[in-house]
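The structure appears below as C-alpha cells.
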Amino acid sequence: MPKPRSTAPGDRPQPAPVGLLLPRTRVPRTSRPGVPDWHGLSPSHLAYLIRRYTHVGDVVLDLDAHPAAIAATAYLDRVPARLFTGRRGLHVRLLTSAPERRTRHTTRRPGPRVDLILATLPQGAQGLPRDSIATAMSTWRPLLRPGGFLLVELTASPPQAGEVSHRAMVIAAARAAGFFYHQHIPAVLVPLPEHEPRTAPEHPDEADDGRRLLAGRHLSTFRDLVVLGTTATGEENARA
C-alpha cells in the first residue's frame, strides 16, 4: 500500500539488520581436518565472523575455549583469551605470551578488555530460562571494551508454539544489561535441497510417510546467531 505524500522521510521502514551464512558447496583445499566445527558452524564461517567484528591485535574470548575459535583467532592475528574465576571474581587472561604475537593495541590497554566474546546459549542446560540469560548478559557486559561485540549462538531446540522465541528473549535481556542489538545471522547448517519434499501438497488419500514432519515438527536446518554491541554504530544511531 503506497504511503501518503505527507509521510516524512524518517518514517520510512528501515532495512532489517539480518545476514545469512550458507554452507559451502565444496570443501576448500586449505581446510584443516583437525579443526572441529564450532557448535555446528564451520571453521571458515567462524573465521569470517571473527574477521568481520575485530581488527588485527584485538582480543577474542570464546567462553567455551573451543579449539576452532582459538585456532581461527590466532590464524587471523587476533589474540585468544580465556575466562577464569579467581578470588576477586572473573578475569580475562591472554593465551599468547610470545613477544612477536603482541601488538601495541593489546599491550597498552588496561585489563585487558575484550573486543569480541563468542558464547552459546544455553550453557550446560537443556532449557533457556530468562533468569539465566539475564545473569549471563550482566556478567559478560563488563568484560567488553566500548565498541566491542558479543556474538551469541542459540543451540537450544526451538520453542513450542505460542512461546516467546529464544532470539527475542536474548535481545531483551541484552538490552536490559546495556547492550545494543546489532544483527541477526541465521547460519544454515546443511546444504538445502533444490526440491524439498515436505513442501509438496499432501492429498487427502495420501498416507503419512514422515517426509514433512519429524515428531510433529519441521527439521531444524539452521541456528540463530545474535550479534550485540556495547555501543551503537553511526548507521544504527542514524536509524534510531
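Just so it is clear, the structure is predicted and the values come from calculations on it, not from any experiment. For the numbers below, each heavy atom of this structure counts, side chains included, while hydrogens, waters and symmetry mates do not.
When only modelled atom types and interatomic distance are considered, His55 and Asp115 share no side-chain donor-acceptor pair under 3.5 Å.
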> Could you go step by step and tell me if His166 and Asp224 meet the side chain to side chain donor-acceptor pair (under 3.5 Å) rule?
Replying inline: CA-CA 9 Å; His166 297 157; Asp224 286 320; over 6 Å; no
>> Apply side chain to side chain contact (heavy atoms under 4.5 Å, CB included) to residues Val60 and Val114 and explain how you reach the verdict.
In response: CA-CA 6 Å; Val60 179; Val114 179; over 6 Å; no
>> As a quick check of understanding, evaluate side chain to side chain contact (heavy atoms under 4.5 Å, CB included) for Ile50 and Thr73, giving each step before the final call.
In response: CA-CA 7 Å; Ile50 294 175; Thr73 301; 3.7 Å; yes
>> Using the rule given for side chain to side chain contact (heavy atoms under 4.5 Å, CB included), can you reason through Ile117 versus Leu83, listing the C-alpha separation, both sets of side-chain angles and the distance that settles it, and then say yes or no?
In response: CA-CA 10 Å; Ile117 293 179; Leu83 187 64; over 6 Å; no
>> Asp64 vs Thr120, test: side chain to side chain contact (heavy atoms under 4.5 Å, CB included). Steps then yes/no.
In response: CA-CA 8 Å; Asp64 297 329; Thr120 57; 3.2 Å; yes
> Going through the checks in order, is the side chain to side chain donor-acceptor pair (under 3.5 Å) test met by Trp38 and Asp62?
Replying inline: CA-CA 10 Å; Trp38 184 75; Asp62 181 76; 3.0 Å; yes
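Side-chain atoms of Arg93 do not come within 3.5 Å of backbone N or O of Arg82 as any donor-acceptor pair.
Here the closest non-hydrogen pair linking Pro36 and Pro43 is O-CG, 3.6 Å. Here the closest heavy-atom approach between residue Ser138 and residue Ala177 is recorded as N-CB, 4.0 Å. Annotation for Ala69 and Leu118: closest pair CB-CD1, 4.0 Å, computed over non-hydrogen atoms. Of all non-hydrogen atoms in Ala119 and Leu63, the two that sit nearest each other are CB-CD1, 3.5 Å. Contact between Ala81 and Val92 at its shortest, heavy atoms only, is CB-CG1, 3.6 Å. Smallest separation of non-hydrogen atoms from Gly229 and His182: N-CB, 4.4 Å.
Between Ile171 and Met169, the closest side-chain pair of non-hydrogen atoms is not below 4.5 Å. Residues Val170 and Leu121 are in side-chain contact: their nearest non-hydrogen atoms beyond the backbone lie under 4.5 Å apart. The closest side-chain heavy-atom distance from Val226 to Tyr181 is below 4.5 Å. Leu228 has its side chain out of reach of Phe180: every pair of non-hydrogen atoms, C-beta onward, lies at least 4.5 Å apart. Inter-residue side-chain proximity for Met137 and Leu150 is flagged as met; some heavy-atom pair is nearer than 4.5 Å. Put simply, the side chain of Val79 does not reach to within 4.5 Å of the side chain of Leu95, judged on heavy atoms. Annotation: side chain of Val152 is not in contact with side chain of Leu225 (no heavy-atom distance under 4.5 Å). Using a 4.5 Å heavy-atom cutoff, the side chains of Leu116 and Leu61 are not in contact.
Atom CZ in Arg52 sits 8.0 Å away from atom CD1 in Ile185 (nearest 0.5 Å). Rounding to the nearest 0.5 Å gives a distance of 8.5 Å between CG of Asp37 and OG of Ser44. The CG atom of Asp77 sits 12.5 Å away from atom CZ of Arg51, with the distance rounded to the nearest 0.5 Å. The line from CH2 of Trp140 to OG1 of Thr135 is 10.5 Å long, rounded to the nearest 0.5 Å.
We find that Arg78 and Asp58 are not joined by a salt bridge, their nearest charged nitrogen and carboxylate oxygen being 4.0 Å or further apart.
Taking the six-membered ring where the residue is Trp, Phe84 and His91 present parallel rings, their angle staying beneath 30° rather than reaching 60°.
Cation-pi geometry between Arg141 and Phe179 is satisfied (NZ or CZ under 6.0 Å from the ring centre, within 45° of the ring normal).
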